[in-house]
Amino acid sequence: MKNTIGHEITLTLFGESHGAAIGAVLDGLPSGFRIDREKLAQAMDKRRAVGTISTGRHEADAVEFLSGIKDDVTEGTPVAILIRNTNMRSTDYQNIADTPRPGHADYAAEKRYLGYQDRAGGGHFSGRLTAPMVAAGAILAQMLEQRGIVIGTHIASLHGVRDDAWDESSLEKQIAMINEASFPVLNQQKGEQMIREIELARQQLDSVGGVLETRVIGMEAGIGEPEFESVESRLAEAMFSIPAVKGVSFGEGFGFADMTGSQANDAFEIKDGRIDTVTNHNGGINGGITNGMPIRMSVVIKPTPSIAQPQHTVKLSTKENVTIEIHGRHDPAIIHRARAVVDAMTAFTLADMLASAHSRQWLKGE
């Protein structure tokens, strides 16, 4: 089982949805960096379930540091992060051992782990495991911020409702606004329409998905490697570690298919004494390496697979077709919560790459 990601900095996840706790071990941090507890709490809040557009399972997601941090300062040794589960209802999942839920990992997990996996709430496959991702990423985001690197993600579209596009000339201001918003959109009216779509899906015992768009400003040029360690491949690996992510693209992404080379190329220019590009179709990356322009990334979040409508499945023990109705507390959409996870794993990946290019201590400002 592979539960570790990273090179200079590594992140290892542990726990199950309905176990005693979930958590992570974050190794390779610089020593002497002071953690801002308030910012950490704000990051956790963005992922937390709130209101009727999220699951009814509300967890405090209080972050405990068991090692590696003393008096809120990193020691340079492995940081053990613990988040206790307090609101479990395992009886909601008693029937899924024999009737795998459509869209979930139940059947795949059954074949992979021969029935020994924890099935309640999806076990280790649950979105609960994104909470320690957010905690770890929030620490690294603070290190990036003091280096002038800032990350922001908004809901670009949700079930046909599109938010305003990023204003590339006002990214710093817009990212600051998005990072303060509980529902991450640039246009509040579009956000209200999206919330209505989520509410409608809930009433219809259904769910919806959408697209998240991320911008990273402040990244220096020259970070990354061609081919196998490209910025795109490293970020894509991190994004696909997030449950429900089914697509990742950079810059214009699939839009390149309808462009010519003269349209897609980003011309270089000298601006305020530095080398920039006139456009940023390639999303701040050329040849797998950052070029100093903002990183542009889009991530597709599928509709939450847990829905209360009757669905076709099979009974594994008797090899017969049956119908299943999923009970329990589930999100009619997870995209607004997923933005915190995308930000966190983006921060983790870029911090890891920067630590490889410079040093771990460089991350704390030395």
Side-chain angles (χ1 to χ4, degrees), residues 4-13 23-47 63-81 83 130-153 171-172 175-176 178-180 214-224 229 231 234-235 237-239 241-242 284 290 292 294-295 297 339-366:
T4 300
I5 189 173
H7 293 62
E8 286 294 313
I9 302 171
T10 60
L11 175 65
T12 302
L13 296 180
V25 176
L26 185 58
D27 198 5
L29 295 187
S31 58
F33 183 83
R34 181 170 294 280
I35 306 299
D36 187 324
R37 287 275 189 167
E38 185 176 345
K39 286 185 177 181
L40 175 59
Q42 289 171 352
M44 299 304 294
D45 282 343
K46 293 172 187 175
R47 189 204 152 279
V63 176
E64 301 176 35
F65 295 121
L66 303 184
S67 68
I69 294 178
K70 184 177 181 180
D71 298 328
D72 292 339
V73 177
T74 58
E75 298 174 343
T77 54
V79 175
I81 299 169
I83 300 172
T130 62
M133 288 184 188
V134 172
I139 294 171
L140 291 163
Q142 292 180 33
M143 295 182 182
L144 294 180
E145 284 176 15
Q146 54 88 42
R147 279 290 185 180
I149 301 167
V150 184
I151 302 164
T153 300
L171 285 180
E172 186 173 359
I175 289 174
I178 282 292
N179 285 340
E180 291 293 325
T214 299
R215 291 292 187 274
V216 183
I217 57 175
M219 273 294 290
E220 64 184 273
I223 300 300
E229 293 291 323
V231 178
R234 293 286 301 277
L235 281 171
E237 178 188 14
M239 294 305 108
S241 71
I242 302 171
T290 56
I295 293 176
M297 178 175 67
R339 66 86 177 243
V341 194
V342 168
D343 285 348
M345 293 308 292
T346 299
F348 171 83
T349 303
L350 296 180
D352 185 23
M353 298 186 78
L354 286 162
S356 295
H358 300 296
S359 72
R360 295 171 184 174
Q361 289 301 117
W362 180 89
L363 286 173
K364 61 165 283 192
E366 294 182 355

With a cut-off of 6.0 Å (strictly less than), are more than 12 heavy atoms of other residues, nucleotides or ligands near CD of Q42? yes
Could you measure the distance from the CD1 atom of I9 to the CG atom of L26? Nearest 0.5 Å is fine. 7.0 Å
Evaluate L354 against L144 for side-chain contact (heavy atoms from CB on, under 4.5 Å), listing each step before the verdict. CA-CA 9 Å; L354 286 162; L144 294 180; 3.7 Å; yes
Are any non-hydrogen side-chain atoms of N179 and K46 less than 4.5 angstrom apart? yes
Are L363 and F33 packed together at the side-chain level, in the sense that at least one heavy-atom pair is separated by less than 4.5 angstrom? no
Would K364 and T74 count as a side-chain contact (heavy atoms from CB on, under 4.5 Å) if you check the C-alpha gap in whole Å, the side-chain angles of each, and the deciding distance to 0.1 Å? CA-CA 10 Å; K364 61 165 283 192; T74 58; over 6 Å; no
What's the separation between atom CD1 in I139 and atom CD1 in I69, rounded to the nearest 0.5 Å? 4.5 Å
Within the 4.5 Å heavy-atom criterion, are E220 and H358 side-chain neighbours or not? yes
Side-chain contact test, heavy atoms from C-beta onward, threshold under 4.5 Å: evaluate it for D352 versus R234 and give yes or no. yes
Within a strict 4.5 Å, meaning less than it, do heavy atoms of the I5 and L13 side chains meet? no
Who pairs with T4 by side-chain contact (heavy atoms from CB on, under 4.5 Å), at least two apart in sequence or on another chain? K2, T10, T12
Under a 4.5 Å cut-off applied to non-hydrogen side-chain atoms, are Q142 and L40 in contact? yes
